[in-house]
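Side chains included, hydrogens not; waters and symmetry mates left out as well; all remaining heavy atoms used. Both ligands and their constituent atoms are indexed starting at 1 by order of listing.
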Amino acid sequence: MPRRFGRFGGAYVPETLVPALVELEATWRSARRDPEFRAQLALLRTTLAGRPTPLYHARRLSRRGRGAEIWLKREDLVHGGAHKFNNALGQGLLAVRMHKPRLIAETGAGQHGVATAMIGAALGLETEVYMGEVDIERQRPNVERMELLGARVVPVRDGTRTLKDAINRALRDWIANVRTTHYLLGSAVGPHPFPTIVADFQSVIGREVRRQSIRAFGRLPDLAVACVGGGSNAIGTFHPLRRTSVELLGVEAGGPRGRGRGAASLARGSPGVLHGSFSYVLQDADGQMEETTSISAGLDYAGVGPEHAFLKESGRARYVSVHDEEALAAFHWLAEDEGILPALEPAHAIYAAVREARRRPAREKIVVTLSGRGDKDLEVVRRASR
Ligand SMILES: *Cc1c(COP(=O)(O)O)cnc(C)c1O
(Lines give C-alpha, C1' and ligand atoms only; values in the text may rest on other atoms or scores of the structure.)
Protein backbone atom coordinates (compact mmCIF):
# COMPACT_ATOMS: atom_id res chain seq x y z
CA MET A 1 0.00 0.00 0.00
CA PRO A 2 1.70 3.22 -1.14
CA ARG A 3 2.36 5.57 1.77
CA ARG A 4 0.51 8.86 1.75
CA PHE A 5 0.84 12.13 3.59
CA GLY A 6 -2.82 13.07 3.90
CA ARG A 7 -4.00 13.02 0.28
CA PHE A 8 -0.46 13.46 -1.10
CA GLY A 9 2.26 10.98 -2.09
CA GLY A 10 1.56 7.51 -3.49
CA ALA A 11 3.35 5.70 -6.30
CA TYR A 12 2.12 6.48 -9.83
CA VAL A 13 4.55 4.27 -11.76
CA PRO A 14 4.53 1.60 -14.48
CA GLU A 15 3.83 -1.95 -13.24
CA THR A 16 7.44 -3.02 -13.97
CA LEU A 17 8.78 -0.73 -11.25
CA VAL A 18 6.51 -1.91 -8.45
CA PRO A 19 8.69 -4.89 -7.39
CA ALA A 20 11.78 -2.63 -7.17
CA LEU A 21 9.92 -0.11 -4.99
CA VAL A 22 8.66 -2.92 -2.75
CA GLU A 23 12.17 -4.38 -2.47
CA LEU A 24 13.63 -0.95 -1.67
CA GLU A 25 11.11 -0.32 1.10
CA ALA A 26 11.63 -3.78 2.62
CA THR A 27 15.44 -3.34 2.51
CA TRP A 28 15.24 0.06 4.17
CA ARG A 29 12.91 -1.24 6.89
CA SER A 30 15.17 -4.17 7.72
CA ALA A 31 18.31 -1.97 7.57
CA ARG A 32 16.83 0.50 10.09
CA ARG A 33 16.41 -2.33 12.61
CA ASP A 34 19.81 -3.90 11.92
CA PRO A 35 22.43 -2.79 14.51
CA GLU A 36 25.24 -3.59 12.06
CA PHE A 37 23.78 -1.33 9.33
CA ARG A 38 23.16 1.45 11.84
CA ALA A 39 26.72 1.22 13.15
CA GLN A 40 28.15 1.34 9.61
CA LEU A 41 25.99 4.37 8.71
CA ALA A 42 26.96 6.14 11.94
CA LEU A 43 30.67 5.45 11.36
CA LEU A 44 30.62 6.75 7.77
CA ARG A 45 28.61 9.80 8.86
CA THR A 46 31.46 10.78 11.18
CA THR A 47 34.51 9.56 9.29
CA LEU A 48 33.48 10.20 5.67
CA ALA A 49 30.66 12.77 5.70
CA GLY A 50 32.10 14.92 8.51
CA ARG A 51 29.14 14.86 10.91
CA PRO A 52 27.92 16.21 13.20
CA THR A 53 27.97 19.61 11.52
CA PRO A 54 28.13 22.62 13.86
CA LEU A 55 25.35 24.98 14.91
CA TYR A 56 26.85 28.46 14.57
CA HIS A 57 25.61 31.67 16.19
CA ALA A 58 25.70 34.25 13.38
CA ARG A 59 26.04 37.33 15.61
CA ARG A 60 26.81 39.91 12.96
CA LEU A 61 24.09 38.63 10.62
CA SER A 62 21.66 38.72 13.58
CA ARG A 63 22.48 42.41 14.10
CA ARG A 64 21.35 43.04 10.53
CA GLY A 65 17.96 41.62 11.55
CA ARG A 66 17.93 43.82 14.69
CA GLY A 67 15.66 41.33 16.45
CA ALA A 68 15.79 37.59 17.02
CA GLU A 69 19.09 35.67 17.12
CA ILE A 70 20.04 33.77 13.95
CA TRP A 71 21.87 30.43 14.18
CA LEU A 72 23.18 28.48 11.17
CA LYS A 73 23.08 24.70 10.82
CA ARG A 74 26.27 24.18 8.83
CA GLU A 75 25.37 21.57 6.18
CA ASP A 76 27.76 23.44 3.87
CA LEU A 77 30.51 21.62 5.77
CA VAL A 78 29.31 18.14 4.80
CA HIS A 79 31.62 16.17 2.42
CA GLY A 80 31.09 17.55 -1.08
CA GLY A 81 29.81 20.90 0.21
CA ALA A 82 26.08 20.24 0.62
CA HIS A 83 23.52 18.15 2.52
CA LYS A 84 23.08 15.90 -0.57
CA PHE A 85 25.72 13.47 0.69
CA ASN A 86 23.58 12.55 3.76
CA ASN A 87 21.09 10.89 1.41
CA ALA A 88 23.61 9.51 -1.10
CA LEU A 89 25.51 7.77 1.71
CA GLY A 90 22.37 6.12 3.12
CA GLN A 91 21.03 4.96 -0.24
CA GLY A 92 24.48 3.79 -1.37
CA LEU A 93 24.55 1.44 1.64
CA LEU A 94 21.03 0.23 0.76
CA ALA A 95 22.22 -0.59 -2.79
CA VAL A 96 25.03 -2.70 -1.35
CA ARG A 97 22.52 -4.45 0.95
CA MET A 98 20.37 -5.25 -2.13
CA HIS A 99 23.50 -6.62 -3.92
CA LYS A 100 23.04 -4.10 -6.73
CA PRO A 101 26.41 -3.25 -8.31
CA ARG A 102 25.23 -0.22 -10.29
CA LEU A 103 23.92 3.24 -9.30
CA ILE A 104 22.09 5.67 -11.52
CA ALA A 105 21.08 9.20 -10.61
CA GLU A 106 19.65 12.37 -12.10
CA THR A 107 21.18 15.77 -11.53
CA GLY A 108 20.33 19.39 -12.33
CA ALA A 109 23.03 21.64 -10.92
CA GLY A 110 25.30 18.63 -10.54
CA GLN A 111 25.44 18.60 -6.72
CA HIS A 112 23.49 15.36 -6.37
CA GLY A 113 25.49 13.83 -9.23
CA VAL A 114 28.71 14.65 -7.39
CA ALA A 115 27.37 13.19 -4.11
CA THR A 116 26.35 9.99 -5.94
CA ALA A 117 29.72 9.74 -7.72
CA MET A 118 31.49 10.14 -4.35
CA ILE A 119 29.57 7.33 -2.66
CA GLY A 120 29.73 5.17 -5.80
CA ALA A 121 33.54 5.42 -5.70
CA ALA A 122 33.74 4.83 -1.93
CA LEU A 123 31.58 1.70 -2.13
CA GLY A 124 32.97 0.40 -5.44
CA LEU A 125 29.71 0.75 -7.41
CA GLU A 126 29.47 1.56 -11.12
CA THR A 127 27.83 5.00 -11.39
CA GLU A 128 25.99 6.72 -14.24
CA VAL A 129 24.44 10.17 -13.92
CA TYR A 130 21.78 11.56 -16.27
CA MET A 131 22.07 15.28 -16.88
CA GLY A 132 20.32 17.59 -19.33
CA GLU A 133 22.53 19.05 -22.07
CA VAL A 134 21.62 22.58 -21.03
CA ASP A 135 22.71 21.85 -17.44
CA ILE A 136 25.94 20.22 -18.65
CA GLU A 137 26.81 23.50 -20.34
CA ARG A 138 25.80 25.60 -17.28
CA GLN A 139 27.54 23.44 -14.68
CA ARG A 140 30.83 22.38 -16.29
CA PRO A 141 32.89 22.16 -13.08
CA ASN A 142 30.50 19.62 -11.56
CA VAL A 143 30.58 17.51 -14.75
CA GLU A 144 34.36 17.43 -14.48
CA ARG A 145 34.16 16.50 -10.78
CA MET A 146 31.81 13.58 -11.50
CA GLU A 147 34.09 12.28 -14.25
CA LEU A 148 37.19 12.54 -12.04
CA LEU A 149 35.29 10.58 -9.40
CA GLY A 150 34.84 7.77 -11.92
CA ALA A 151 31.19 8.32 -12.87
CA ARG A 152 29.84 8.42 -16.41
CA VAL A 153 27.77 11.52 -17.20
CA VAL A 154 25.04 10.77 -19.75
CA PRO A 155 23.80 13.85 -21.68
CA VAL A 156 19.99 14.07 -22.02
CA ARG A 157 18.77 15.66 -25.24
CA ASP A 158 14.97 15.27 -24.71
CA GLY A 159 12.48 18.01 -23.90
CA THR A 160 13.91 21.13 -22.34
CA ARG A 161 17.20 19.23 -21.76
CA THR A 162 17.13 19.99 -18.03
CA LEU A 163 16.41 18.24 -14.71
CA LYS A 164 12.90 16.94 -15.35
CA ASP A 165 14.03 15.27 -18.58
CA ALA A 166 17.01 13.76 -16.74
CA ILE A 167 14.61 12.26 -14.16
CA ASN A 168 12.49 10.75 -16.95
CA ARG A 169 15.57 9.16 -18.52
CA ALA A 170 16.78 7.79 -15.18
CA LEU A 171 13.34 6.25 -14.57
CA ARG A 172 13.45 4.60 -18.02
CA ASP A 173 16.95 3.22 -17.37
CA TRP A 174 15.73 1.85 -14.03
CA ILE A 175 12.79 0.06 -15.68
CA ALA A 176 15.20 -1.62 -18.14
CA ASN A 177 17.93 -2.55 -15.61
CA VAL A 178 16.08 -2.92 -12.35
CA ARG A 179 17.72 -6.22 -11.32
CA THR A 180 21.27 -4.82 -11.26
CA THR A 181 20.62 -1.13 -10.65
CA HIS A 182 19.56 1.14 -7.79
CA TYR A 183 18.10 4.51 -8.72
CA LEU A 184 19.60 6.90 -6.17
CA LEU A 185 16.98 9.65 -6.21
CA GLY A 186 18.31 12.97 -4.96
CA SER A 187 15.44 14.67 -3.16
CA ALA A 188 12.34 13.91 -1.09
CA VAL A 189 10.26 13.50 -4.27
CA GLY A 190 9.18 10.66 -6.57
CA PRO A 191 7.08 7.59 -5.83
CA HIS A 192 6.82 5.97 -2.41
CA PRO A 193 9.09 4.94 -0.68
CA PHE A 194 11.59 7.60 -1.89
CA PRO A 195 10.12 10.63 -0.05
CA THR A 196 10.09 8.63 3.20
CA ILE A 197 13.59 7.16 2.79
CA VAL A 198 15.19 10.47 1.77
CA ALA A 199 13.48 12.24 4.72
CA ASP A 200 14.80 9.53 7.03
CA PHE A 201 18.42 9.89 5.87
CA GLN A 202 18.21 13.71 5.96
CA SER A 203 16.56 13.77 9.40
CA VAL A 204 20.02 13.61 10.92
CA ILE A 205 19.98 17.40 10.34
CA GLY A 206 16.91 18.05 12.53
CA ARG A 207 17.98 15.58 15.21
CA GLU A 208 21.31 17.40 15.55
CA VAL A 209 19.51 20.76 15.61
CA ARG A 210 17.37 19.51 18.50
CA ARG A 211 20.35 18.32 20.52
CA GLN A 212 22.65 21.23 19.68
CA SER A 213 20.02 23.93 20.38
CA ILE A 214 19.47 22.57 23.87
CA ARG A 215 23.21 22.50 24.44
CA ALA A 216 23.76 26.00 22.97
CA PHE A 217 20.82 27.94 24.42
CA GLY A 218 18.99 25.58 26.70
CA ARG A 219 15.86 24.94 24.61
CA LEU A 220 14.51 24.36 21.11
CA PRO A 221 14.49 27.30 18.68
CA ASP A 222 11.32 29.33 18.10
CA LEU A 223 11.59 29.03 14.32
CA ALA A 224 13.37 26.70 11.86
CA VAL A 225 13.95 27.95 8.30
CA ALA A 226 15.12 25.97 5.23
CA CYS A 227 15.04 26.39 1.46
CA VAL A 228 12.82 24.07 -0.60
CA GLY A 229 13.67 22.71 -4.04
CA GLY A 230 12.45 19.12 -4.02
CA GLY A 231 12.41 19.58 -0.27
CA SER A 232 15.05 17.23 1.18
CA ASN A 233 17.11 19.58 3.36
CA ALA A 234 13.90 21.21 4.60
CA ILE A 235 12.15 17.93 5.44
CA GLY A 236 15.34 16.71 7.12
CA THR A 237 15.23 19.83 9.29
CA PHE A 238 11.46 19.82 9.89
CA HIS A 239 10.70 16.14 10.38
CA PRO A 240 12.35 15.70 13.81
CA LEU A 241 10.76 19.00 14.94
CA ARG A 242 7.25 18.42 13.65
CA ARG A 243 5.84 17.24 16.99
CA THR A 244 7.32 20.19 18.93
CA SER A 245 6.18 23.81 19.19
CA VAL A 246 8.94 25.02 16.80
CA GLU A 247 7.51 27.08 13.92
CA LEU A 248 8.55 25.73 10.50
CA LEU A 249 9.18 27.99 7.50
CA GLY A 250 10.03 26.67 4.01
CA VAL A 251 11.46 29.07 1.44
CA GLU A 252 10.96 28.53 -2.28
CA ALA A 253 12.54 30.27 -5.24
CA GLY A 254 10.44 33.20 -6.42
CA GLY A 255 12.53 33.73 -9.57
CA PRO A 256 13.29 37.19 -10.95
CA ARG A 257 11.09 39.90 -9.41
CA GLY A 258 7.98 40.68 -11.43
CA ARG A 259 8.41 37.84 -13.97
CA GLY A 260 6.65 34.45 -13.88
CA ARG A 261 6.13 32.10 -10.95
CA GLY A 262 9.79 31.21 -10.39
CA ALA A 263 9.89 27.69 -9.00
CA ALA A 264 7.48 28.21 -6.08
CA SER A 265 5.44 25.01 -6.44
CA LEU A 266 3.78 25.28 -3.00
CA ALA A 267 3.22 29.03 -2.95
CA ARG A 268 1.95 29.31 -6.53
CA GLY A 269 1.30 25.82 -7.90
CA SER A 270 -1.65 23.43 -7.64
CA PRO A 271 -2.09 19.73 -6.81
CA GLY A 272 -1.06 17.29 -9.56
CA VAL A 273 1.09 14.26 -10.41
CA LEU A 274 4.75 14.64 -11.34
CA HIS A 275 7.43 11.90 -11.39
CA GLY A 276 5.28 9.28 -9.71
CA SER A 277 3.91 11.32 -6.82
CA PHE A 278 0.79 13.42 -6.11
CA SER A 279 1.89 16.78 -4.74
CA TYR A 280 1.98 20.46 -5.65
CA VAL A 281 3.23 21.27 -9.16
CA LEU A 282 3.66 24.31 -11.35
CA GLN A 283 1.38 23.44 -14.24
CA ASP A 284 -0.87 25.21 -16.72
CA ALA A 285 -4.65 24.71 -17.08
CA ASP A 286 -4.05 21.56 -19.20
CA GLY A 287 -1.78 20.00 -16.59
CA GLN A 288 1.39 20.69 -18.65
CA MET A 289 4.49 21.39 -16.56
CA GLU A 290 5.57 25.00 -16.64
CA GLU A 291 9.11 26.15 -17.26
CA THR A 292 10.64 27.29 -14.01
CA THR A 293 13.13 30.10 -13.54
CA SER A 294 15.48 30.64 -10.65
CA ILE A 295 18.96 32.01 -10.15
CA SER A 296 19.72 28.83 -8.20
CA ALA A 297 19.77 25.64 -10.26
CA GLY A 298 19.12 23.53 -7.15
CA LEU A 299 15.69 25.10 -6.56
CA ASP A 300 14.70 25.12 -10.24
CA TYR A 301 12.15 22.27 -10.21
CA ALA A 302 8.40 22.36 -10.98
CA GLY A 303 7.49 19.85 -8.25
CA VAL A 304 8.00 19.42 -4.51
CA GLY A 305 7.98 16.49 -2.09
CA PRO A 306 4.52 15.26 -1.00
CA GLU A 307 5.21 15.64 2.73
CA HIS A 308 5.65 19.39 2.23
CA ALA A 309 2.29 19.55 0.42
CA PHE A 310 0.79 17.88 3.50
CA LEU A 311 2.59 20.17 5.98
CA LYS A 312 1.32 23.16 4.00
CA GLU A 313 -2.32 22.02 3.84
CA SER A 314 -2.39 20.94 7.48
CA GLY A 315 -0.97 24.34 8.47
CA ARG A 316 1.96 22.79 10.38
CA ALA A 317 4.52 24.54 8.16
CA ARG A 318 4.41 27.83 6.29
CA TYR A 319 5.93 28.39 2.84
CA VAL A 320 7.04 31.69 1.34
CA SER A 321 9.05 32.63 -1.72
CA VAL A 322 12.09 34.85 -2.11
CA HIS A 323 13.17 36.53 -5.36
CA ASP A 324 16.51 36.14 -7.15
CA GLU A 325 17.55 39.70 -6.23
CA GLU A 326 16.80 39.10 -2.53
CA ALA A 327 18.74 35.82 -2.45
CA LEU A 328 21.70 37.60 -4.06
CA ALA A 329 21.57 40.32 -1.40
CA ALA A 330 21.56 37.63 1.31
CA PHE A 331 24.55 35.91 -0.35
CA HIS A 332 26.55 39.13 0.10
CA TRP A 333 25.28 39.68 3.68
CA LEU A 334 26.51 36.27 4.78
CA ALA A 335 29.82 36.68 2.95
CA GLU A 336 30.52 40.11 4.46
CA ASP A 337 29.01 39.63 7.94
CA GLU A 338 30.19 36.12 8.70
CA GLY A 339 32.89 35.21 6.17
CA ILE A 340 30.77 32.39 4.75
CA LEU A 341 29.97 32.03 1.04
CA PRO A 342 26.57 30.29 0.92
CA ALA A 343 25.15 28.42 -2.05
CA LEU A 344 22.40 30.45 -3.75
CA GLU A 345 19.76 27.92 -2.64
CA PRO A 346 20.15 28.54 1.12
CA ALA A 347 20.74 32.25 0.41
CA HIS A 348 16.95 32.28 -0.14
CA ALA A 349 16.48 30.90 3.38
CA ILE A 350 18.96 33.41 4.84
CA TYR A 351 16.98 36.29 3.35
CA ALA A 352 13.71 34.98 4.79
CA ALA A 353 15.35 34.42 8.19
CA VAL A 354 16.62 38.01 8.39
CA ARG A 355 13.15 39.25 7.39
CA GLU A 356 11.64 37.13 10.20
CA ALA A 357 14.29 38.25 12.72
CA ARG A 358 13.26 41.89 12.15
CA ARG A 359 9.71 41.09 13.26
CA ARG A 360 10.68 39.15 16.39
CA PRO A 361 12.01 40.12 19.84
CA ALA A 362 15.70 39.62 20.73
CA ARG A 363 14.95 36.67 23.04
CA GLU A 364 13.74 34.51 20.12
CA LYS A 365 16.06 32.06 18.34
CA ILE A 366 15.92 31.23 14.63
CA VAL A 367 17.80 28.24 13.18
CA VAL A 368 18.47 28.35 9.43
CA THR A 369 19.72 25.32 7.54
CA LEU A 370 22.70 26.41 5.44
CA SER A 371 22.32 23.55 2.95
CA GLY A 372 25.47 24.13 0.90
CA ARG A 373 28.53 26.27 0.20
CA GLY A 374 28.76 28.83 -2.56
CA ASP A 375 31.87 27.90 -4.51
CA LYS A 376 29.75 26.43 -7.33
CA ASP A 377 27.87 29.74 -7.70
CA LEU A 378 30.69 32.28 -7.86
CA GLU A 379 30.39 32.78 -11.62
CA VAL A 380 26.60 33.31 -11.42
CA VAL A 381 27.00 35.78 -8.52
CA ARG A 382 29.77 37.67 -10.28
CA ARG A 383 27.68 38.07 -13.45
CA ALA A 384 24.49 39.03 -11.56
CA SER A 385 26.23 41.52 -9.25
CA ARG A 386 27.81 43.55 -12.03
C1 LIG B 1 20.07 20.49 -4.33
C2 LIG B 1 20.20 21.56 -3.33
C3 LIG B 1 19.07 22.15 -2.70
C4 LIG B 1 17.66 21.79 -3.06
O5 LIG B 1 17.31 20.48 -2.81
P6 LIG B 1 16.35 20.04 -1.63
O7 LIG B 1 16.04 18.63 -1.94
O8 LIG B 1 15.15 20.93 -1.64
O9 LIG B 1 17.11 20.20 -0.36
C10 LIG B 1 19.28 23.10 -1.72
N11 LIG B 1 20.53 23.49 -1.38
C12 LIG B 1 21.63 22.96 -1.95
C13 LIG B 1 22.97 23.45 -1.52
C14 LIG B 1 21.50 21.98 -2.95
O15 LIG B 1 22.61 21.48 -3.53
Quiz prompt | Check: Val178 and Pro19 side chains under 4.5 Å, non-hydrogen atoms | solution = no
In short, side-chain hydrogen bond (donor to acceptor under 3.5 Å, both in side chains) pairs touching residues 245-256 with sequence neighbours left out are Glu247-Arg360
Ligand 1: which protein N/O atoms lie under 3.5 Å from its N/O atoms?
unit_1: ligand 1; atom_1: 7 (O); unit_2: Ser187; atom_2: OG; d: 2.6
unit_1: ligand 1; atom_1: 7 (O); unit_2: Gly231; atom_2: N; d: 3.3
unit_1: ligand 1; atom_1: 7 (O); unit_2: Ser232; atom_2: N; d: 2.8
unit_1: ligand 1; atom_1: 7 (O); unit_2: Ser232; atom_2: OG; d: 2.7
unit_1: ligand 1; atom_1: 8 (O); unit_2: Gly229; atom_2: N; d: 2.7
unit_1: ligand 1; atom_1: 8 (O); unit_2: Gly230; atom_2: N; d: 3.2
unit_1: ligand 1; atom_1: 8 (O); unit_2: Gly231; atom_2: N; d: 2.7
unit_1: ligand 1; atom_1: 8 (O); unit_2: Ser232; atom_2: N; d: 3.4
unit_1: ligand 1; atom_1: 9 (O); unit_2: His83; atom_2: NE2; d: 2.9
unit_1: ligand 1; atom_1: 9 (O); unit_2: Ser232; atom_2: N; d: 3.4
unit_1: ligand 1; atom_1: 9 (O); unit_2: Ser232; atom_2: OG; d: 3.2
unit_1: ligand 1; atom_1: 9 (O); unit_2: Asn233; atom_2: N; d: 2.9
unit_1: ligand 1; atom_1: 9 (O); unit_2: Asn233; atom_2: ND2; d: 2.8
unit_1: ligand 1; atom_1: 11 (N); unit_2: Ser371; atom_2: OG; d: 2.7
unit_1: ligand 1; atom_1: 15 (O); unit_2: Lys84; atom_2: NZ; d: 2.7

Excluding Ile350, membership of its hydrophobic cluster (Ile, Leu, Val, Met, Phe, Trp, Tyr; side-chain heavy atoms within less than 4.5 Å) reads Tyr56, Leu61, Ile70, Leu72, Leu223, Val225, Leu249, Val251, Val320, Val322, Trp333, Leu334, Ile340, Tyr351, Val354, Ile366, Val368, Leu370
Residue pairs passing the ring-ring contact (aromatic ring centres under 6.0 Å, His included) test with at least one member in residues 84-108, sequence neighbours excluded, are His79-Phe85
Could you verify whether a donor N or O on one side chain and an acceptor N or O on the other, from Thr369 and Ser371, lie under 3.5 Å apart?
-> no
query = Taking the six-membered ring of Phe217, is the NZ or CZ of Lys365 close enough (under 6.0 Å from the centre) and on axis enough (within 45°)?
reply = yes
